Amino acid sequence: MEPSVKHFQSPGNAGSEKLHETINNDIQAETAFTCSQWSNGECMPAEETRHDGNTIATERLEKGHMQYGCSHYRRRCCIRAPCCNEIFDCRHCHNEAKNSINVEKKHRHDLPRHQVQQVICLLCGTEQDVRQVCISCGVCMGKYFCETCKLFDDDISKKQYHCNGCGICRIGGRENFFHCYKCGCCYSILLKNSHPCIEGAMHHDCPVCFEYLFESTNKVTILPCGHTIHMNCLKEMQQHLQYACPLCSKSVCDMSKVWEKIDMEIAATPMPESYQNKMVWILCNDCGMNSQVKFHVVAQKCLNCKSYNTRQTRGKPTTASCSR
């Protein structure tokens, strides 16, 4: 249910003085009223207030909408970092500045988002406790406001929502995602009954760029094996002809067409007579089965799943291992 800002009451025939007095009283009450309500623990964006053409409260709330902010958020406030007591546009701006290569390693740190207690209105400069509406000028500092994450954002086209399971705000619309409590993160609703679960799959660094995936602002994808990786990192891997998961070595996509080409290459590359009967043990990275096959310089094919994503073992069957 969307919240609404309190409406002005019509003064009837009380005259213009009574009208101004009523409007001023309602505006004062408006500045003390948080225009974002909570419904079942969810943050809600502010709703405009209009009554008989009276737009004073709305104009105050909307003043400066989408005109302030940084490269990360459009918002009408900045924050005081509880960790270093400095003022930044948002936590991302803080983290970029405080984790810069120019900062001594011992002084680098991230801002604990849930511990932010003070915000500064960008329209009037008033520093105040975290709230959605400025106590001084009555402006709404962010159409989307999460009291838990201390998040303000005027750009509600992102369809922000707070996930209680994740404990942080996500974008994309609650109706399009579900929270997997085993993996520990929100996934597309399209994966609800088909994704492979791995305990805490999102609470790890990207295996390519080593950014912490759970709080990453870049798109993350799930590999067929269940491991997670940045989508851009996966594309970069494929550009370098790397098609195996960096963590468990399983194929990251359907490789059947590639296996057919390797079949043809092996057929066109006969081995010397001294190697024609040489047998080796292999472990398949895709299905985990051991096989004893003829050695070939190009590749060895799994007898179980016909994959060439295999590795030679030292003379005896073994089992596949995973780094997590």
Side-chain angles (χ1 to χ4, degrees), residues 2-8 23-39 42-51 54-98 110-162 168-173 215 217:
E2 289 189 355
S4 59
V5 181
K6 293 196 295 185
H7 288 216
F8 292 120
I23 289 175
N24 289 335
N25 290 338
D26 279 338
I27 289 175
Q28 291 175 6
E30 195 67 58
T31 61
F33 179 75
T34 301
C35 62
S36 173
Q37 299 281 342
W38 283 74
S39 175
E42 299 178 8
C43 316
M44 294 292 187
E47 181 181 297
E48 293 185 355
T49 299
R50 297 183 182 275
H51 183 72
N54 192 337
T55 61
I56 295 178
T58 299
E59 289 175 357
R60 282 177 174 264
L61 291 171
E62 295 292 318
K63 187 176 180 180
H65 177 246
M66 295 296 286
Q67 297 177 17
Y68 295 84
C70 59
S71 60
H72 307 103
Y73 301 108
R74 307 310 299 167
R75 59 206 290 181
R76 287 164 277 179
C77 67
C78 50
I79 60 175
R80 183 175 293 281
C83 44
C84 52
N85 203 38
E86 297 181 32
I87 296 175
F88 293 90
D89 287 325
C90 72
R91 71 179 185 89
H92 295 296
C93 292
H94 169 279
N95 294 345
E96 289 174 1
K98 293 301 181 178
D110 289 336
L111 186 151
R113 72 177 84 190
H114 299 107
Q115 296 178 22
V116 173
Q117 296 180 349
Q118 297 290 310
V119 296
I120 299 93
C121 175
L122 291 176
L123 275 76
C124 68
T126 302
E127 185 167 350
Q128 56 204 283
D129 292 340
V130 172
R131 57 187 292 121
Q132 189 172 19
V133 176
C134 176
I135 59 174
S136 179
C137 66
V139 71
C140 175
M141 293 184 282
K143 279 225 169 187
Y144 176 83
F145 168 64
C146 177
E147 188 174 10
T148 302
C149 297
K150 314 302 189 290
L151 176 61
F152 299 79
D153 198 348
D154 273 335
D155 184 7
I156 57 176
S157 65
K158 300 174 184 177
K159 297 183 177 180
Q160 304 93 327
Y161 67 97
H162 182 85
I168 60 176
C169 291
R170 299 288 188 188
I171 62 174
E215 296 184 350
T217 57

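The structure displayed is predicted, hence computed values, not measured ones. The residues of the chain are indexed from 1 along the displayed sequence.
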List the atom pairs, donor and acceptor, that lie under 3.5 Å between side-chain atoms in residues 84-93 and the rest of the protein, sequence neighbours left out.
from: Glu86; atom 1: OE1; to: Lys98; atom 2: NZ; distance (Å): 3.4
from: Glu86; atom 1: OE2; to: Lys98; atom 2: NZ; distance (Å): 2.8
from: His92; atom 1: NE2; to: Tyr73; atom 2: OH; distance (Å): 3.3

Report task. Not counting sequence neighbours, which residues clear side chain to side chain contact (heavy atoms under 4.5 Å, CB included) with His114? List them please. Result ->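 Applying side chain to side chain contact (heavy atoms under 4.5 Å, CB included) to His114 gives Thr148, Cys149, Ile168.
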Query raised in the report: Can you name the side chain to side chain contact (heavy atoms under 4.5 Å, CB included) partners of Gln128, sequence neighbours left out?
Result: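 Here the qualifying residues are Val119, Cys121, Thr126, Arg131, Cys134, Ile135, Met141.
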Query raised in the report: Going by heavy atoms in the side chains, are Tyr144 and His162 under 4.5 Å from each other?
Result: yes
Report task. Flag the pair His65 / Arg76 as yes when at least one side-chain heavy-atom distance between them is below 4.5 Å, and no otherwise. Result -> yes
In Å and rounded to the nearest 0.5 Å, what is the [atom1] to [atom2] distance from [X] to [Y]?
| X | Y | atom1 | atom2 | value |
| --- | --- | --- | --- | --- |
| Cys140 | Glu62 | SG | CD | 7.0 Å |
| Met66 | Asp154 | CE | CG | 6.5 Å |
| Leu123 | Gln67 | CG | CD | 8.0 Å |

What's the shortest heavy-atom distance between [X] and [Y], and which atoms?
| X | Y | answer |
| --- | --- | --- |
| Leu111 | Ile79 | CD1-CD1, 3.9 Å |
| Leu122 | Cys78 | CD2-SG, 3.8 Å |
| Asp155 | Gln160 | O-NE2, 3.0 Å |
| Cys83 | His94 | SG-NE2, 3.3 Å |

Query - Glu127 CD: over 12 foreign heavy atoms closer than 6.0 Å - result: yes
Query raised in the report: Has the side chain of Gln117 got a donor or acceptor atom that lies under 3.5 Å from a matching backbone atom of Arg80?
Result: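 Pair absent, no side-chain N/O of Gln117 close to backbone of Arg80.
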**Report entry** Lys150 side chain vs Glu147 backbone, donor-acceptor pair below 3.5 Å
**Finding:** yes
Report task. Kindly indicate, with the supporting measurements, whether the criterion side chain to side chain contact (heavy atoms under 4.5 Å, CB included) is fulfilled by Arg75 and Asp153. Result -> CA-CA 5 Å; Arg75 59 206 290 181; Asp153 198 348; 5.6 Å; no
